[in-house]
Amino acid sequence: MTDTPQLCVNFDRLQQEIDTLATIGRHADHGIYRMAFTDADWEARAWFRERIAEAGLEVYEDGAANIHARYKFDHQTPSVMMGSHLDSVPGAGHLDGALGVLVALECVRRIKELDLPIRHPLEAVAFTDEEGRFGGMPGSQAMSGQLSPEDIYNARAVDGETLIDAMQARGLNAMDMLRARRNPDSLHAFLELHIEQGPVLDRMGIPIGIVEGIAGVRKWDVRLIGAANHAGTTPMNMRRDAFLGVAELAGELPRILEEEGSANSVATIGRVELKPGAANVVPGQADFIIEVRDTDPEVLNRLANGFRRTLSAIARRRDLMFEFDVLSDIEPVKCDPGVMAAIAEVAEAMAVRAHPMPSGAAHDTQFMARLTRAGMIFIPSKDGRSHSPAEWSAWEDIETGANVALNTLYRLAS
Ligand code: HGY
Ligand code: MN
Ligand code: MN
């Protein structure tokens, strides 16, 4: 790397685009609400397409509505692809996904502007629904050929809207997602820059993370069914209270993690809905979503079995029934050693400290890693906050990360 001059992004332009994109879908609580296929997501996509055209890059949208910015794409030479997502969780920060998409665009645009010699075409991509509003990560799943017709039929949001209807409302046919699959030979490598969304780099004071592996996620939608009854007249020992079933399972999480999990394991019940939901009615039904994560597939299986055993014991004891649907089943992946080495060499040549580490968050990279050599660059998240309006990264860390990404992309493409 010492022989190649250090390339730099146009940071003023990148900063301006980050600030502009952050206004799309922002609510009064300062959170971003760009959930997949909502108006805000659609507005952000249109804005992104304009930036691509303005940069003189080719705009391409595949059957899964993944938006590509292409440079020197010739439909035969394998590309180097870089990207992330524009969609967000409700009440998100302004950098999760968005930063990776804008840095990818800036890197491709910069290499074009500088007219640098490259051997591989470049693609900057915004993937569809990385946050899994409809379950999984349909955009990168489709591109990597991990999406089946059944997945598409079953994909629905927690509010019941199906992916098919959401895409139809945007004039898209969800079954076209099956056409987004890329031939592995069409890609040379994949790179994603993302905020860490955890506290490690911030605490260590290190500006760059080199991701070694990405945690897998198992997410279930569970319905615990008991019997609604009068809150005043039903004795405690005659209740089939669905909420107490969820509460007991939540109390068991630490034991299950201790017995079946590893140091990387986490489990979250992020959503509970009680029915009928009145203060003076014993809840007859509790719908909740539980997700578990770990970097080791074996541990994920053990945790899943542990939860299922515990849930069925609680249901039996409390005379409850339970049904569950798998919302996401995303396997953990290892990043490509060659791409990791490229990031490390660039960081060293730039005299920037870099720290190899796992990712507790899921990312499009874990599907792209099944298609081609894939790697991720992390930058620090202030106090490790994310999926919250408190999400923040220092501008100098954003600039350092963008320059490491630009030099890594150039290295991979030339
Ligand atoms: O949930 C995640 O880990 C990612 O933000 N989709
Ligand atoms: Mn996220
Ligand atoms: Mn993300």
Side-chain angles (χ1 to χ4, degrees), residues 18 21-22 25 31-36 38 40-41 44 48 66 82-104 125-141 146 155 157-158 190-200 209 211 213-221 264-271 289-295 300 326-333 357-369 374-381 384-393 398 401 405:
I18 292 169
L21 180 53
I32 305 285
Y33 291 76
R34 283 200 306 263
M35 292 73 79
T38 58
D41 180 31
F48 181 56
N66 297 313
M82 192 171 167
S84 196
H85 58 96
L86 293 172
D87 69 290
S88 78
V89 292
H94 68 300
L95 294 171
D96 175 2
L99 180 65
V101 171
L102 294 180
V103 168
V125 177
F127 289 103
T128 296
D129 192 18
E130 185 277 347
E131 295 294 359
R133 179 178 170 222
F134 295 94
M137 294 187 196
S140 50
Q141 256 177 282
Q146 320 268 331
V158 285
F190 177 81
L191 186 63
E192 178 172 10
L193 177 132
H194 205 288
I195 51 173
E196 179 200 333
Q197 299 181 292
V200 171
V211 177
I214 308 172
V217 191
R218 298 278 172 86
K219 184 160 59 171
W220 301 281
D221 185 4
N264 290 332
S265 302
V266 287
T268 312
I269 296 176
R271 181 187 170 90
I289 295 183
I290 180 166
E291 60 141 80
V292 292
R293 304 189 189 213
D294 196 279
T295 47
L300 271 179
V326 177
L327 288 178
S328 293
D329 184 353
I330 302 176
E331 285 307 305
V333 292
M357 59 190 288
S359 169
H363 296 287
D364 289 306
T365 298
Q366 67 202 100
F367 284 105
M368 296 307 288
M376 286 192 81
I377 298 168
F378 272 174
I379 68 161
S381 293
R385 297 293 304 272
S386 183
H387 280 190
S388 145
E391 180 183 281
W392 175 257
S393 294
I398 289 175

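Along the sequence shown, residues carry numbers from 1. Each ligand, and each atom within it, is numbered from 1 in the order the structure gives.
Side-chain contact check for H194 versus T365: every heavy-atom pair is 4.5 Å or farther apart. A heavy-atom distance below 4.5 Å is not found between the side chains of D221 and V158. Side-chain atoms of I330 and Q141, non-hydrogen and from C-beta on, never get closer than 4.5 Å to each other. Using a 4.5 Å heavy-atom threshold, the side chains of H363 and Q197 count as touching. Taking the side chain as every heavy atom from C-beta outward, E291 and S328 never approach each other to under 4.5 Å.
Under the side-chain contact (heavy atoms from CB on, under 4.5 Å) test applied with I195, the options S386, P380, S84 reduce to a single match, S386. Considering T128, D364, D129 in turn, D364 is the only one that fulfils the side chain to side chain donor-acceptor pair (under 3.5 Å) rule with S140.
Within 4.0 Å of ligand 1, protein heavy atoms belong to E130, E131, R293, A361, A362, H387, listed by chain and number.
D41 approaches A36 most closely through the heavy-atom pair OD2-CA, 3.4 Å.
For the pair D329 and R218, the salt-bridge criterion is met [side-chain N within less than 4.0 Å of a carboxylate O].
Neighbouring protein atoms of the Mn ion (ligand 3) (N, O or S, distance under 2.8 Å, waters ignored): H85 NE2, D96 OD1, H194 NE2.
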